[in-house]
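Working notes, structure below.
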Amino acid sequence: MAPSAATLVEAPLQSTVENIETNFQPFYVLHKASSRKNSRKSNLCGKSRKRTKLSPSGPNGIENLDDEEPDGSQLEHLRMECLELVWSKLETTIKDVLRDTNVKVFDDICRWVYESFAAIRSSGIPSSSSASRPFPAFTRAECKVLFTGLVLTKNMEVVDDLLTFEELGYHLKSHGCHVASLSSQELSAKSSIGGCIRSLLRQLLKVTVDAADMFILASWYREQGYYENPVVVIIEDIERCCGSVLSDFIIMLSEWVVKIPIILIMGVATTIDAPANVLRSNALQQLCASKFILGSPAERMEAVVEAVLLKHCCMFSIGHKVAVFLRKYFLNQDGTLTSFIRAMKIACVQHFSMEPLSFMLARLLVEEENMDGNCASFLEVLPKHASDLLSDSRYSLVEGTDNNLGNILSELKRWRKKWSIVVLCLYQVGKFGKVQLLDLLCEALDPQLFKPITSENSSRLQQEQGTSFSSSYELQYQFSSRKDGYICQVIRKVRDLPAEFLHQVLMSWKKITRCVPEIHQNVKDLLLAFKLGNGKSSEKDIADLSKRHASRNGLFVKNSKSVMEKAESFLNSLVSEHMRPVECIPFHELICFKDVRKLQLV
């Protein structure tokens, strides 16, 4: 019925970027970075400079420095180029996450739109003579029903709602709908129905029309042969609209609904009763309402935090105090996701402005994304500019790396991968105890909870855990449990999980740990132990499990411990071995922004 979309439309989220950029203008650091970005093309194509473009048509937009000794301005420019690359990756990740969190609801809305459209069309298409008359068709009262979708956004700030409804509009357009949006300003007491009609004509006809006449819209719809495509009008926030103006607008739309199959979608920030508090009774009688519920700001925040700060979209990290500040900032802003994203971008820009070696994040990102060809020369030039900076006294010599840049970056990547796995495994259990990811993250970043291990204790721990220190990145800290902390709550929660929920957790752990074989194998063993306890294992599974553990004493040797206790022991071992906060990691300055004072000032 509706043409399918070949690709997802990228345009809606661009406005958020523009809003964020606009909000950054008062801040000199960000304004400086923005002006560099805006002037980049003219600089590259204008005066001859001692730089060579990495790729004339490459998407990464990274410039390469010559082999000559770089001055301060050149290194600063390189950091700004890397900032653009890293933030572009973070921004793309955020867009994808927000789209994914809403896509199911958007699909439901799209399906409902076409079902409503079919119901309108079931009364028949108006005849050519009726359609050409410059007034509404005379129909039965039941044919004047205006199908209305009430979308509960659960947001306190309109800025997030604007973004959501932009995405919804583009989603519906990609499925063949004609979409127009009206803001609360266009439905205010100072406005009139005429202004609303002109706005509809401007958006749908793509021309500016002085006359506020619905017949113009009806003629356009009939002449273009759009009888297979519904017209959707989105009102972003019903509670901010003037009730009398919106009521008159609804009554007018219901009069024209046969000639123009208009379907109304209205955003509701509070409760489903909001329309009854805003509209007059005669307008309410024209509505046939359906309810749709979007994810809460907290749910979308969790998805963004998981993708940006835990999964491996890039290596940019934040320190404990910065994470605590961002959590408070989000809560104090009434759960506005846009404000959190803005603060994250400020932190990112501050990091690249302050940290001399921050440009090495680009190398990590390029390697992670397997960008070949265009970035080869870029990867070669970075170590040349980093080697001198590494000798700075602020970076202490690390045993096992010899301050070799390749070794340092490899260790940082290895640490980030394991640390993220531990936090995500804890979070899978925490969901059943209503533990928020942002709270868990703040505790996992707290360096005060990880005490240095003395040389005496280190050999004892090696013997107990059957491991050795391959470098100073390994097992230098021990988690100091805090009984009332989120991590301890989560670990204790494992014991209380019903078998069904425990199985869900184990399956999620299996997926999360896939990129680290040694941890992944322990999870597989846990799953086998669970199946053994529930009588679901095959003889081959039992034989494999016995063979793996016949020659060693470990977590899964036959004993009286239940699977829950084994899972608890597994989490404890993950935390003690792999969850060192970023601020305890050598050379964390390359990837971590922790100057909360700078962020607070901005």
Side-chain angles (χ1 to χ4, degrees), residues 306-307 310-312 368 410-411 413-433 435 437 440 444 461-468 470 473-475 479 487-580:
E306 181 176 344
L310 290 176
K311 293 186 176 176
H312 316 306
E368 187 75 22
S410 297
E411 293 288 355
K413 285 173 67 176
R414 191 163 63 90
W415 160 81
R416 173 61 181 264
K417 186 180 294 184
K418 292 183 177 180
W419 178 84
S420 299
I421 283 176
V422 179
V423 179
L424 288 172
C425 285
L426 288 168
Y427 179 52
Q428 298 308 309
V429 180
K431 289 178 181 178
F432 295 101
V435 174
L437 180 57
L440 192 62
L461 283 173
Q462 291 176 52
Q463 292 174 359
E464 290 178 359
Q465 298 176 356
T467 57
S468 61
S470 60
Y473 285 83
E474 296 287 346
L475 289 172
F479 177 61
I487 294 174
C488 285
Q489 288 180 36
V490 168
I491 293 175
R492 290 195 302 268
K493 182 68 179 176
V494 177
R495 288 183 177 227
D496 303 327
L497 290 178
E500 179 185 358
F501 292 160
L502 179 61
H503 185 256
Q504 290 179 23
V505 167
L506 294 177
M507 292 302 294
S508 65
W509 287 357
K510 183 179 179 183
K511 183 178 179 181
I512 291 168
T513 61
R514 193 173 293 144
C515 57
V516 181
E518 61 270 25
I519 300 177
H520 185 62
Q521 186 57 59
N522 284 341
V523 175
K524 288 170 67 177
D525 289 344
L526 265 175
L527 268 169
L528 284 175
F530 178 87
K531 292 177 182 179
L532 282 169
N534 287 271
K536 296 180 180 179
S537 292
S538 65
E539 292 184 5
K540 182 178 182 300
D541 289 336
I542 298 172
D544 290 343
L545 185 62
S546 301
K547 183 177 180 181
R548 273 200 299 275
H549 301 293
S551 59
R552 66 181 176 93
N553 293 321
L555 184 63
F556 301 100
V557 175
K558 287 185 178 181
N559 53 40
S560 59
K561 292 200 298 183
S562 68
V563 177
M564 286 81 165
E565 291 173 315
K566 292 176 182 178
E568 181 184 8
S569 179
F570 170 72
L571 272 185
N572 268 315
S573 66
L574 282 185
V575 170
S576 62
E577 294 177 25
H578 302 301
M579 208 179 72
R580 287 175 55 195

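In this text, all values refer to a predicted model and were calculated from it rather than measured experimentally. If you read the sequence from its start, that first residue is 1, and numbering goes on from there.
- Considering only heavy atoms from C-beta on, Leu571 stays 4.5 Å or farther from Val422 through its side chain.
- Minimum interatomic distance between Leu497 and Met564 (heavy atoms only, all atoms of both residues): O-CE, 3.6 Å.
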field: Residue pair Gln521, Asp525: steps toward the side chain to side chain donor-acceptor pair (under 3.5 Å) verdict
entry: CA-CA 6 Å; Gln521 186 57 59; Asp525 289 344; 3.2 Å; yes
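- The NZ atom of Lys511 sits 11.0 Å away from the CG atom of Leu424 when rounded to the nearest 0.5 Å.
- Judged purely by distance below 3.5 Å, without hydrogens or angles, the side chains of Asn522 and Glu518 never pair a donor atom with an acceptor atom.
- Closest approach of Val563 and Ala529 over heavy atoms only: CG2-O, 3.7 Å.
- One N or O on the side chain of Trp415 and one on the backbone of Arg580 form a donor-acceptor pair closer than 3.5 Å.
- Glu565 places none of its side-chain heavy atoms less than 4.5 Å from the side chain of Val494.
- Across all non-hydrogen atoms, the minimal contact from Leu502 to Ala567 is CD1-CB, 4.3 Å.
- Between Lys510 atom NZ and Leu527 atom CG the span is 6.0 Å, to the nearest 0.5 Å.
- Side-chain contact between Gln489 and Lys493: absent, with no pair of heavy atoms (C-beta onward) separated by less than 4.5 Å.
- When side chains are defined from C-beta on, Trp419 counts as touching Leu310, because their heavy atoms get closer than 4.5 Å.
- Here the CG atom belonging to Asp496 is positioned 12.5 Å from the CZ atom belonging to Phe432, to the nearest 0.5 angstrom.
- The distance from atom CG of Leu574 to atom CD1 of Ile491, rounded to the nearest 0.5 Å, is 9.0 Å.
- Taking both residues in full, the closest heavy atoms of Leu506 and Phe530 are given as CD1-CB, 3.9 Å, listed atom of the first, atom of the second, then distance.
- In this structure, the separation between CE on Met507 and CG on Leu526 is 13.0 Å, given to the nearest 0.5 Å.
- For the pair Ser420 (side chain) and Arg416 (backbone), a donor-acceptor distance under 3.5 Å is present.
- Taken to the nearest 0.5 Å, the OG atom of Ser573 stands 7.0 Å off from the NE2 atom of His578.
- No option in Ile519, Val575, Val505, Thr513 other than Thr513 meets the side chain to side chain contact (heavy atoms under 4.5 Å, CB included) test with Cys425.
- Glu306 has its side chain within reach of Leu437: a pair of non-hydrogen atoms, C-beta onward, lies under 4.5 Å apart.
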